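Comments concern the structure below.
As the structure is a computational prediction, the values presented were derived from the model and not from experiment.
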Amino acid sequence: MKINLFSSVVQRSSDVVLFLIFFFFFFLFSSISPSFGYDPLDPYGNVTIKWDLLQSDSGSNYVKVSIFNFQKYRHIEQPGWKLGWDWFGEEAIWNMQGAEATEQGNCSRFKGGQLPHCCERTPSIIDLLPGTPYNMQTSNCCKGGVLSSMAQDPSKYGSIFQMSVSASDKVDFKMPENFTLGVQGYTCGQPVPVAPSKYSSDGRRWTQALGTWNVTCMYSQFLASTTPKCCVSLSAFYNSTIVPCPTCSCSCQGLPGAKCLNSGQTPSLLQEIKDKNGQPPSLVRCSGHMCPIWIHWHVKQSYTQYWRVKITVHNQNIVKNYSEWNLVVLHPNLKTIHQVFSFNYQPLNPYRSISKLSTICLWIKKHKLAHSNPKYYVPAADDTGMFWGIKFYNDVLLQEGDSGNVQSEILLHKDSKIFTFREGWGFPRRILFNGDECVMPPPDQYPRLPNIGQPDAKFSIIALFFCFLMVILCV
């Protein structure tokens with residue numbers, strides 16, 4: 001008896017220890033991932049800066065710098081990237097192609113004729129604008145610093161510039177450090193040596209760089225902004241209630257830094273926009289949520305085998321347009337989406353390994369092996385999709401006003417295994433605008449199906465009353 005009691009105590013103690021270990025690691029990973037920019041919907045997404053040393057001779061170095069946006073749905077919008085780093089010594093940039101430094105700096109240490117392009121210890125490099133003369137361009141340059149996401153436009157996710165670098169004392173090349181991308185929310189690591197890049201002009205002979213380094217930059221919404229940037233409102237055809245964005249989703253009127261204009265007021269744009277190379281100020285139309293972007297999800301109609309949703313994106317920012325905007329939506333019925341009418345759409349499939357398992361399980365079920373082992377069946381996990389505007393039609397979300405919105409309807413097939421309108425199932429789990437998560441209403445406020453039990457009860461009571469009255473009259 002004592003032995004059994006002792007063994008049971010040991011067993012319980014081991015269970016408690018295992019639970020504590022599991023809880024510790026769960027809390028660790030769930031707490032550190034947002035601060036380090038990890039995105040579960042795009043776990044491998046980053047901006048990579050590739051630095052190729054092409055030539056080096058007596059302190060004169062020819063460098064090629066490439067910036068690639070390896071993010072599925074998050075892009076670099078206007079005013080674009082502004083690359084910076086710290087030189088180790090007295091290096092100077094003598095000339096550049098495909099980009100330019102914002103400041104030349106103090107070049108008094110160089111005597112003679114032509115002065116360097118930039119003598120700053122910490123230079124700031126920006127992309128050239130479209131329409132730059134050809135003798136100043138390089139391949140894949142001159143987009144004004146804008147980088148598209150991988151899903152929207154794979155041909156415009158990179159930018160390249162070249163420069164000639166040397167120091168006044170003709171020292172050997174040293175890789176700079178402390179890189180910055182110049183975009184809010186991005187943090188860059190230190191340069192890491194990788195295999196040298198190879199180049200070919202005809203595909204027959206290949207040359208390679210003398211050295212190649214990669215710098216990885218990650219995005220964190222918490223670093224980009226202390227407050228959210230968008231919110232979501234909900235409605236449905238089966239309920240007259242319109243659930244608005246939660247109050248003070250992005251800010252509150254009267255708080256320090258909260259700037260808004262009432263309906264009918266117009267700002268002085270010349271006073272608001274002071275820096276052409278900087279971010280436009282956040283000036284929104286006064287509302288209860290005070291968000292620059294307001295998204296409305298409306299369950300519009302239900303058919304026998306399909307159901308229809310209307311998505312509207314409103315720009316509440318008075319002084320800013322959003323070019324190449326995108327929405328990321330999480331909903332279990334997106335795996336059977338049938339048609340999107342006015343937006344582009346692409347499934348993101350962040351759970352690729354789970355989806356592969358689902359395919360195997362569906363194959364097992366097809367061959368009648370899952371009837372005896374139903375636990376093997378796992379439904380598909382493709383519940384995440386990305387919407388963005390059609391080129392030259394609605395790919396630019398204009399500033400607040402009559403034209404400051406884009407909208408589309410989507411038609412989804414009803415999956416008999418999971419479809420229902422009960423408990424707010426028809427509404428999205430999460431919505432992200434331009435990679436930033438939007439504030440959703442509380443689930444207990446979602447529009448619900450009407451309660452048909454109450455009218456039936458009233459009808460039954462009335463019917464019983466008339467039956468009782470007829471019996472009395474007949475007697």
Side-chain angles (χ1 to χ4, degrees), residues 47-69 81-107 109-128 132-143 145 147 157-182 188-217:
V47 175
T48 298
I49 304 168
K50 187 173 72 168
W51 188 290
D52 289 329
L53 178 60
L54 301 181
Q55 295 179 9
S56 181
D57 182 21
S58 300
S60 179
N61 307 283
Y62 194 65
V63 177
K64 179 179 181 180
V65 181
S66 307
I67 305 175
F68 298 108
N69 181 20
W81 53 265
K82 189 176 183 180
L83 190 62
W85 60 79
D86 290 341
W87 293 115
F88 265 101
E90 299 294 331
E91 289 88 347
I93 302 174
W94 282 90
N95 56 69
M96 298 190 73
Q97 284 185 305
E100 62 182 357
T102 57
E103 298 284 344
Q104 184 184 27
N106 184 7
C107 296
R109 66 181 183 272
F110 294 93
K111 309 299 182 180
Q114 183 180 1
L115 293 178
H117 177 79
C118 178
C119 301
E120 290 283 331
R121 179 73 179 271
T122 304
S124 294
I125 310 300
I126 58 175
D127 194 10
L128 297 179
T132 298
Y134 289 108
N135 61 342
M136 299 174 61
Q137 294 187 21
T138 60
S139 60
N140 214 5
C141 82
C142 312
K143 307 183 184 73
L147 298 179
Y157 77 99
S159 183
I160 298 174
F161 65 90
Q162 297 177 352
M163 58 183 177
S164 177
V165 181
S166 66
S168 58
D169 53 0
K170 303 298 181 181
V171 296
D172 293 335
F173 174 79
K174 291 184 179 180
M175 184 66 189
E177 59 181 2
N178 301 329
F179 279 78
T180 59
L181 194 60
C188 300
Q190 293 299 330
V192 177
V194 295
S197 302
K198 294 185 177 183
Y199 301 94
S200 175
S201 58
D202 55 5
R204 301 176 63 187
R205 171 177 166 77
W206 293 82
T207 60
Q208 70 178 34
L210 301 179
T212 301
W213 294 262
N214 278 354
V215 178
T216 302
C217 303

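- Using cut-offs of 30° and 60° on the angle between ring planes, the pair Phe179 and Trp85 is tilted.
- Between Pro191 and Val215, the closest side-chain pair of non-hydrogen atoms falls below 4.5 Å.
- Taking the side chain as every heavy atom from C-beta outward, Thr138 and Lys64 never approach each other to under 4.5 Å.
- Side-chain atoms of Ile160 and Cys141, non-hydrogen and from C-beta on, never get closer than 4.5 Å to each other.
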Derivation and outcome, side chain to side chain contact (heavy atoms under 4.5 Å, CB included), residues Cys118 and Met96: CA-CA 9 Å; Cys118 178; Met96 298 190 73; 6.0 Å; no

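- In terms of heavy-atom proximity, Ser166 sits nearest to Ser60 at CB-CA, 4.0 Å.
- Once rounded to the nearest 0.5 Å, the distance linking CZ of Phe161 with OG of Ser139 reads 13.0 Å.
- Checked against the 6.0 Å centroid threshold, Phe110 and Trp94 count as a close aromatic pair.
- Ile93 is listed as a side-chain neighbour of Trp87, based on a closest heavy-atom distance under 4.5 Å.
- Closest non-hydrogen pair, Ile49 versus Val65, comes out as CG2-CG1, 4.0 Å.
- Closest heavy-atom contact between Ala195 and Thr212: O-CB, 3.7 Å.
- Taking CG of Leu181 as the start and SG of Cys217 as the end, the distance is 5.0 Å to the nearest 0.5 Å.
- The backbone N or O of Leu54 lies less than 3.5 Å from no partner atom in the side chain of Asp52, so there is not a single donor-acceptor pair.
- Proximity of a side-chain donor or acceptor of Glu91 to a complementary backbone N or O of Val165 within less than 3.5 Å is not detected.
- Annotation: the span from Phe68 atom CZ to Asn140 atom CG amounts to 7.5 Å, rounded to 0.5 Å.
- For the pair Asn95/Ser164, a side-chain contact is recorded, criterion being any heavy-atom separation below 4.5 Å from C-beta on.
- For the atom pair CD (Gln208) and OG (Ser200), the distance works out to 13.0 Å, reported to the nearest 0.5 Å.
- For Met136, the CE atom is loosely surrounded, since the number of other residues' heavy atoms within 6.0 Å does not exceed 12.
- By the 4.5 Å heavy-atom criterion applied to side chains, Leu53 and Trp213 are counted as neighbours.
- Side-chain contact between Leu210 and Phe173: absent, with no pair of heavy atoms (C-beta onward) separated by less than 4.5 Å.
- In this structure, the side chains of Arg121 and Asp86 stay at 4.5 Å or more apart for every pair of heavy atoms.
- Nearest heavy-atom pair, Trp81 versus Ala99, reported as atom, atom and distance to 0.1 Å: CH2-CB, 4.5 Å.
- The main-chain N or O of Lys143 is found under 3.5 Å from a side-chain atom of Asp127 such that the two form a donor-acceptor pair.
- The nearest pair of heavy atoms linking Gln97 to Tyr62 is OE1-OH, 3.9 Å.
- Pairing each heavy atom of Glu120 with each of Glu103, the nearest pair is CG-O, 4.0 Å.
- Here CD1 of Ile125 is found 7.0 Å from OG1 of Thr102. Values are rounded to the nearest 0.5 Å.
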